[in-house]
Amino acid sequence: MSRGVIPKIFQGLKALSTRQVRIECDRIPYDFQSVPLKKILNWLLVETSIYFKPERPWGWPTHLQIEPTNRCNLRCALCPVSIGLERPAGEMELHLFKKIIDEIGDYVFLILLWDWGEPFLNPSIYEMTSYAKQKGIKLVSSTNGHLFKNREQADKLIASGIDSIIFALDGISQETYEPYRQGGSLESVLQGIRTVVLRKRELRSKTPMVNLRFIVMKHNEHEIPALKTLARSLGVDALTLKTLNPVNLDFYSEDKSNIRNHNEFLPENHHYRRFKCDSTGQNVIRLRKNPCKQLWNNPVIHWNGAVCSCTYDPKEKYVLGELQYETFKNIWQGALYRRLRRQFRENWNQLPLCRECSYAFKGGNCGKEIITDAFFFNTTNS
């Protein structure tokens with residue numbers, strides 16, 4: 001029996017007896033109280049299926065990643081949005097979001113409300129959040145922060161009940177911020193953070209947890225010692241340091257090894273490099289077993305209803321179904337998804353998106369490893 005199974009059994013028994021579940025995302029814990037029995041049982045079925053990897057899923061997704069829009073107000077380096085996604089731009093309509101929640105919301109614990117693009121450019125995002133909250137779902141979103149210097153936007157964010165908001169701040173001077181967040185203004189982001197923190201305090205709201213996110217790169221790694229001081233001065237709840245995924249802009253390439261080792265943004269300090277290298281320091285270490293769970297617990301849904309296996313399909317080259325025309329049940333249990341699960345179980349190294357994704361290499365586990373450090377200044381999001 002795998003060493004990870006026994007702790008899961010105890011975790012499941014505890015959840016059944018207490019009706020409490022803790023789920024961690026990017027080193028941030030989210031606590032669920034008074035969880036309905038059917039939701040816990042589904043979670044246990046899904047977590048068990050991850051070990052056995054059946055073609056036909058044993059349960060419904062416990063996580064969703066939903067893209068409110070693929071439009072963006074910045075042109076960040078290494079982001080496929082910057083050079084074109086090769087698919088139409090648009091915003092998810094509220095009725096489509098509600099359709100998703102109505103069909104499977106009773107089983108979902110956590111929604112990551114972003115994929116490609118700036119999610120808060122969708123004017124319906126606050127209504128989406130409020131609607132999902134009615135099902136006891138916790139929501140996390142990520143923003144470049146430029147919209148929230150406007151007090152009205154900050155108030156809408158807080159009123160929506162969103163549980164956690166990540167502010168991407170990859171430099172503490174304009175000179176270090178702009179090389180990656182191209183077209184962005186550091187002062188606008190800082191002003192946005194201050195506005196949300198202030199209005200949260202004035203409205204006496206416990207949410208959202210404000211998470212200051214810093215991607216560590218060669219040109220900004222020297223600023224890490226000053227980050228804690230900045231985070232405290234801003235009044236945020238958490239500071240998380242994330243490793244850079246040093247890929248080129250072609251997510252579908254079958255060999256990015258040279259890019260991984262020689263990308264211009266890679267920090268000098270190997271503690272903040274995502275992938276671990278062999279003794280030569282030249283070759284990233286490929287894992288024998290890919291720990292990805294997403295085919296059994298976390299589909300990605302783009303703004304137009306296209307269902308993809310994960311975030312590494314930004315151009316929708318491997319769409320598994322279209323929610324504009326099908327139910328989620330038919331897609332989740334359908335032939336394309338079943339074939340993909342079988343292929344992943346039998347030989348994930350032969351799948352273009354899987355063989356070169358972050359999970360495929362030592363140090364790249366998106367659930368446990370890509371956040372190198374997390375610092376908490378106030379209470380966690382429970």
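Throughout, numbering of the chain's residues begins at 1 and tracks the sequence.
- At a threshold of 4.5 Å between non-hydrogen side-chain atoms, the residues Leu44 and Leu16 count as touching.
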Please assess Lys242 against Arg213 for the test side-chain contact (heavy atoms from CB on, under 4.5 Å), listing each intermediate value before the final yes or no.
CA-CA 7 Å; Lys242 185 176 182 179; Arg213 172 63 54 77; 3.7 Å; yes
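- Side-chain N or O atoms of Lys39 include one that pairs as donor or acceptor with a backbone N or O of Val108 at under 3.5 Å.
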Between Leu157 and Tyr126, does the side-chain contact (heavy atoms from CB on, under 4.5 Å) criterion hold? Intermediate values first, please.
CA-CA 6 Å; Leu157 178 76; Tyr126 304 112; 4.0 Å; yes
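- For Phe109 and His63, the ring centers sit 6.0 Å or farther from each other.
- A cation-pi geometry, defined here as NZ or CZ lying under 6.0 Å from the six-membered ring centre and within 45° of its normal, holds between Lys38 and Tyr107.
- Looking at Glu223 and Thr176, their side chains do bring a donor and an acceptor atom within 3.5 Å of each other.
- Each of Leu110, Ile111, Thr129 was checked for a side-chain contact (heavy atoms from CB on, under 4.5 Å) with Ile137, and the lone residue meeting it is Ile111.
- The two residues Pro61 and Asn42 come nearest to each other via the heavy atoms O-ND2, 4.5 Å.
- A salt bridge is absent between Lys53 and Glu346; no separation between the charged side-chain nitrogens and carboxylate oxygens falls under 4.0 Å.
- Looking at heavy atoms from C-beta onward, Leu227 lies in side-chain contact with Ile172 at the 4.5 angstrom threshold.
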For Lys293 and Glu47, run side-chain contact (heavy atoms from CB on, under 4.5 Å): C-alpha distance rounded to whole Å, both residues' side-chain angles, the deciding distance at 0.1 Å, then the answer.
CA-CA 9 Å; Lys293 305 176 180 180; Glu47 289 295 305; 4.1 Å; yes
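- Using a 4.5 Å heavy-atom cutoff, the side chains of Ile66 and Met128 are not in contact.
- Screening Leu190, Asn220, Val189 against Tyr177 for a side-chain contact (heavy atoms from CB on, under 4.5 Å) leaves a single residue, Val189.
- Residues Asn211 and Ser164 have side chains that never bring a donor and an acceptor to within less than 3.5 angstrom of each other.
- Between Cys354 and Tyr359, every side-chain heavy-atom pair lies at or beyond the 4.5 Å cut-off.
- The closest side-chain donor-acceptor pair between His146 and Asn144 falls under 3.5 angstrom.
- The residues Glu55 and Arg345 are annotated as salt-bridged, a charged nitrogen and a carboxylate oxygen being separated by less than 4.0 angstrom.
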Yes or no on side chain to side chain donor-acceptor pair (under 3.5 Å) for Asp102 and Tyr131, after CA distance, side-chain angles and deciding distance?
CA-CA 10 Å; Asp102 289 345; Tyr131 194 79; 2.5 Å; yes
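- Checking side-chain atoms of Lys99 against main-chain N and O of Leu323 turns up a donor-acceptor pair under 3.5 Å.
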Check the pair Thr311, Asp115 against side chain to side chain donor-acceptor pair (under 3.5 Å), reporting the backbone distance first and the verdict last.
CA-CA 7 Å; Thr311 190; Asp115 194 26; 2.4 Å; yes
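- Contact annotation: the side chain of Trp114 approaches that of Ile166 to within less than 4.5 Å [non-hydrogen atoms, C-beta and beyond].
- With contacts defined as side-chain heavy-atom distances shorter than 4.5 Å, the pair Ser309/Phe344 does not qualify.
- In terms of modelled atom types and a separation under 3.5 Å, the side chain of Asp163 and the main chain of Leu139 share a donor-acceptor contact.
- Glu118 pairs by the salt bridge (Lys or Arg N to Asp or Glu O under 4.0 Å) definition with nothing, not counting sequence neighbours.
- At least one donor-acceptor pair closer than 3.5 Å links the side chain of Arg355 to the backbone N or O of Asn349.
- The 12-atom threshold is exceeded at NZ of Lys200, counting heavy atoms of other residues, nucleotides or ligands nearer than 6.0 Å.
- Between Arg27 and Asp373 there is no salt bridge, since no side-chain N of the basic residue sits under 4.0 Å from a carboxylate O of the acidic one.
- In this structure, Leu186 and Glu178 have side chains that are not in contact, with every pair of non-hydrogen atoms separated by 4.5 Å or more.
- Under a 4.0 Å N-O distance rule, the pair Lys156/Glu152 qualifies as a salt bridge.
- Comment: Asp106 engages Lys135 in a salt bridge, judged by a side-chain N to carboxylate O separation of less than 4.0 angstrom.
- Proximity of Ser141 to Ile165: side-chain heavy atoms (C-beta onward) are separated by under 4.5 Å at one or more points.
- For the pair Arg22 and Trp43, the NZ or CZ position fails the cation-pi test of under 6.0 Å to the six-membered ring centre and within 45 degrees of the ring normal.
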Might you work through the salt bridge (Lys or Arg N to Asp or Glu O under 4.0 Å) test for Glu91 and Arg71, ending with a clear yes or no?
CA-CA 8 Å; Glu91 291 83 34; Arg71 302 183 194 275; 2.5 Å; yes
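- The six-membered or imidazole ring of Phe120 lies near that of Phe148, with a centre-to-centre distance under 6.0 Å.
- Salt bridge status for Arg286 with Glu356: present, with a side-chain N to carboxylate O gap under 4.0 Å.
- Rounding to the nearest 0.5 Å gives a distance of 9.5 Å between CZ of Phe167 and CG of Leu212.
- Within a 6.0 Å sphere centred on NZ of Lys329, heavy atoms belonging to other residues, nucleotides or ligands number 12 at most.
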